[in-house]
Amino acid sequence: MRLEGKVILITGGGSGIGAASCLAFAREGAKVAVVNRTLSKAEAVAQLIADSGGAAVAIQADVSLAADVERMINRTVSQLGVPDVVFNNAGISPSGRVTDISEADWDDCLNIDLKSVFLCAKAVIPLMTAAGGCILNTAGTFGIRAAKNKAAYSAAKAGLVNLTRSIALDYARDRIRCNVICPGYVDTPLNEGFPPKERDAFLAQYQPLPGLISAADVAELAVYLASDAAKMITGQVFVIDGGQQAGLFA
Ligand SMILES: NC(=O)c1ccc[n+]([C@@H]2O[C@H](COP(=O)([O-])OP(=O)(O)OC[C@H]3O[C@@H](n4cnc5c(N)ncnc54)[C@H](O)[C@@H]3O)[C@@H](O)[C@H]2O)c1
């Protein structure tokens with residue numbers, strides 16, 4: 001039990017990496033606020049945690065809206081306590097070059113994938129300064145190197161990498177750590193539009209390690225980063241990509 005009694009809030013907790021993380025944190029003894037834009041998905045994950053004897057609350061929120069972010073933090077505090085860990089994981093992954101996407105598409109992606117982390121950090125950091133805390137963010141390898149046809153997503157995730165470093169530097173003396181996880185291709189509902197045959201050809205070309213990265217693999221890294229074992233780690237980028245970023249040409 002690496003997180004016994006800790007309170008953790010996970011956004012995008014109703015699906016993929018977020019859902020696997022909710023279950024992994026609960027297995028380590030944490031009380032989990034499962035936040036999702038669609039309430040029924042958050043409720044399903046919270047129920048799985050409750051069924052295995054853990055503590056969880058399901059909260060509906062759109063993390064790109066300041067009022068929703070305030071409300072999700074307040075409900076977490078009143079139902080579980082002040083969060084020790086906030087995992088900003090909710091995200092969307094739209095495609096398109098700058099000449100293809102509308103201003104509204106751009107704003108939507110930047111608001112959900114980047115501004116949401118600003119809003120959440122702004123709301124939770126004042127509560128964390130008493131006891132210290134941990135903020136985790138999910139960016140992606142597209143935050144380190146851009147990809148074709150992913151202009152808004154690559155920009156948002158790159159911004160998130162440096163926002164992570166800014167938060168780490170600005171609040172280190174308050175014992176608040178902030179790190180970012182950069183997955184490569186993870187087998188989640190986000191990628192369900194990728195036909196398996198094309199996906200396998202893509203991975204054969206670009207991912208050196210064979211096999212699929214699972215949401216549970218990413219959740220395991222998140223648990224480690226939130227635990228006391230990582231107490232001196234802050235401002236860092238953690239890549240989990242089967243070796244993609246190791247070289248120029250996989
Ligand atoms: N799957 C991958 O290959 C991959 C790779 C790199 C990074 N990521 C990142 O990992 C994170 C999780 O993605 P996933 O693969 O688990 O996808 P997913 O689609 O399974 O889960 C994302 C969750 O975020 C929620 N969400 C979206 N917009 C929201 C909003 N405005 N407010 C609240 N919740 C919202 C969705 O409802 C969904 O439950 C995302 O930030 C994504 O960009 C994923």
Side-chain angles (χ1 to χ4, degrees), residues 9-24 33-46 58-73 75-76 86-95 105 107-120 123 136-147 150 152-161 163-164 180-194 196 198-199 202-203 206-207 211-219 221-222 237-242 244-245:
L9 181 157
I10 303 182
T11 70
S15 175
I17 293 167
S21 299
C22 289
L23 300 176
V34 185
V35 176
N36 214 68
R37 189 158 52 175
T38 313
L39 181 61
S40 57
K41 289 189 177 178
E43 284 174 337
V45 173
I59 301 173
Q60 190 283 329
D62 178 340
V63 291
S64 66
L65 304 175
D68 278 27
V69 169
E70 281 285 340
R71 185 173 46 76
M72 85 184 178
I73 303 276
R75 261 201 71 195
T76 304
V86 167
F87 188 5
N88 294 300
N89 167 78
I92 57 170
S93 180
S95 298
D105 295 336
D107 286 346
D108 205 31
C109 181
L110 272 285
N111 286 342
I112 294 173
D113 287 356
L114 179 57
K115 184 183 170 190
S116 64
V117 181
F118 158 75
L119 292 173
C120 192
L136 291 175
N137 301 321
T138 310
T141 45
F142 291 4
I144 300 170
R145 301 264 188 278
K150 289 293 233 185
Y153 185 71
S154 299
K157 294 300 194 181
L160 183 51
V161 167
L163 177 59
T164 299
V180 62
I181 298 174
C182 288
Y185 179 92
V186 188
D187 193 30
T188 71
L190 191 80
N191 288 319
E192 64 194 4
F194 209 170
E198 284 176 37
R199 176 197 68 194
F202 167 82
L203 291 176
Y206 294 111
Q207 183 185 295
L212 287 173
I213 301 166
S214 71
D217 294 332
V218 182
L221 176 58
V237 179
F238 289 84
V239 175
I240 171 164
D241 71 346
Q244 264 185 57
Q245 292 284 315

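The chain is numbered in sequence order, starting from 1. For the numbers below, each heavy atom of this structure counts, side chains included, while hydrogens, waters and symmetry mates do not. One-based numbering, in listed order, for ligands and for the atoms of each.
- In this structure, the separation between OG on S116 and CG on L160 is 7.5 Å, given to the nearest 0.5 Å.
- Within the model, atoms CD of E70 and SG of C120 stand 10.0 Å from one another, a figure rounded to the nearest 0.5 Å.
- With a 4.0 Å heavy-atom cut-off, ligand 1 is reached by the backbone of A139 but not by any atom from C-beta on.
- Interatomic distance, CZ of R37 versus OG1 of T11, reported as 11.5 Å (0.5 Å rounding).
- The closest approach between P183 and ligand 1 falls below 4.0 Å for a heavy atom of the residue.
- Looking at N191, its side chain does come within 3.5 Å of a backbone N or O of V186 through a donor-acceptor pair.
- V63 N, 3.0 Å is the protein heavy atom nearest to atom 32 (N) of ligand 1.
- Distances shorter than 4.0 angstrom occur between a heavy atom of G184 and an atom of ligand 1.
- For the atom pair CG of D113 and OG1 of T138, the computed distance is 10.0 Å after rounding to the nearest 0.5 Å.
- Taking a 4.0 Å cut-off on heavy atoms, D62 registers as neighbouring ligand 1.
- Taking every non-hydrogen atom of I112 and a distance limit under 4.0 Å, the qualifying atoms of ligand 1 come out as 28 (N), 31 (N).
- When only non-hydrogen protein atoms are considered, atom 34 (N) of ligand 1 lies nearest to R37 N, 3.4 Å.
- Taking every non-hydrogen atom of G16 and a distance limit under 4.0 Å, the qualifying atoms of ligand 1 come out as 16 (O), 20 (O).
- For a threshold of 3.5 Å applied to N or O pairs, the pair formed by V186 and ligand 1 contains at least one separation below that value.
- At a heavy-atom cutoff of 4.0 Å, ligand 1 is contacted by both the backbone and the side chain of N89.
- Checked against a 6.0 Å centroid threshold, the rings of Y206 and Y185 do not count as neighbours.
- The proximity of I17 to ligand 1, defined as any non-hydrogen pair under 4.0 Å, involves the side chain as well as the backbone.
- Listed by number with element, the atoms of ligand 1 under 4.0 angstrom from any heavy atom of A90 are 24 (O), 26 (N), 34 (N), 35 (C), 41 (O).
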Requested in this report: Let me see the working for D68 and V63 under side chain to side chain contact (heavy atoms under 4.5 Å, CB included), right down to the final yes or no.
Outcome: CA-CA 6 Å; D68 278 27; V63 291; over 6 Å; no
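- Atom CG of residue N89 and atom CD1 of residue I17 lie 5.5 Å apart, to the nearest 0.5 angstrom.
- For the residue pair S93 / K150, a side-chain donor-acceptor distance below 3.5 Å is found, with atom types taken as modelled.
- Where the criterion is an N or O separation shorter than 3.5 Å, residue side chain and backbone included, T141 fails it with respect to ligand 1.
- For atom 1 (N) of ligand 1, the nearest non-hydrogen atom of the protein is T188 OG1, 3.1 Å.
- Checked options M72, R75, E43, R71; the residue passing with Q60 is R71 (criterion: side chain to side chain contact (heavy atoms under 4.5 Å, CB included)).
- Nearest to atom 24 (O) of ligand 1 among the protein's heavy atoms is G12 CA, 3.5 Å.
- Listed by atom number, the atoms of ligand 1 under 4.0 Å from Y185 heavy atoms are 3 (O).
- Nearest to atom 20 (O) of ligand 1 among the protein's heavy atoms is S15 OG, 2.5 Å.
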Query raised in the report: Hey, mind stepping through N137 and T164 against side chain to side chain donor-acceptor pair (under 3.5 Å) and telling me if it holds?
Result: CA-CA 7 Å; N137 301 321; T164 299; 3.0 Å; yes
Query raised in the report: Between S214 and D187, does a side chain to side chain contact (heavy atoms under 4.5 Å, CB included) hold up when you go through it step by step?
Result: CA-CA 5 Å; S214 71; D187 193 30; 5.8 Å; no
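- Closest protein heavy atom to atom 17 (O) of ligand 1: L190 CB, 3.2 Å.
- Contacts between K157 and ligand 1 below 4.0 angstrom, taking non-hydrogen atoms only, involve the side chain exclusively.
- Counting heavy atoms closer than 4.0 Å to ligand 1, residue Y153 contributes side-chain atoms (C-beta onward) but none from N, CA, C or O.
- Annotation for ligand 1: atoms under 4.0 Å from non-hydrogen atoms of N36 are 25 (C), 37 (O), 38 (C), 39 (O).
- Residue T38 places every heavy atom at 4.0 Å or more from ligand 1.
- Distance from atom 10 (O) of ligand 1 to its nearest protein heavy atom, with residue and atom name: T138 CG2, 3.2 Å.
- Every N/O-N/O distance between S64 and ligand 1 stays at or above 3.5 Å.
- Set against the non-hydrogen atoms of P189, the atoms of ligand 1 under 4.0 Å away are 20 (O).
- Here K41 pairs with N36, T38 under the side-chain contact (heavy atoms from CB on, under 4.5 Å) rule; sequence neighbours left out.
- Minimum interatomic distance between C182 and A139 (heavy atoms only, all atoms of both residues): SG-CB, 3.9 Å.
- In this structure D217 satisfies the salt bridge (charged side-chain N to carboxylate O under 4.0 Å, His left out) test with no other residue, sequence neighbours excluded.
- Scanning all protein heavy atoms for the shortest distance to atom 22 (C) of ligand 1 gives G91 O, 3.9 Å.
- Here OG1 of T188 is found 11.0 Å from CG of L212. Values are rounded to the nearest 0.5 Å.
- Contacts between A61 and ligand 1 below 4.0 angstrom, taking non-hydrogen atoms only, involve the backbone exclusively.
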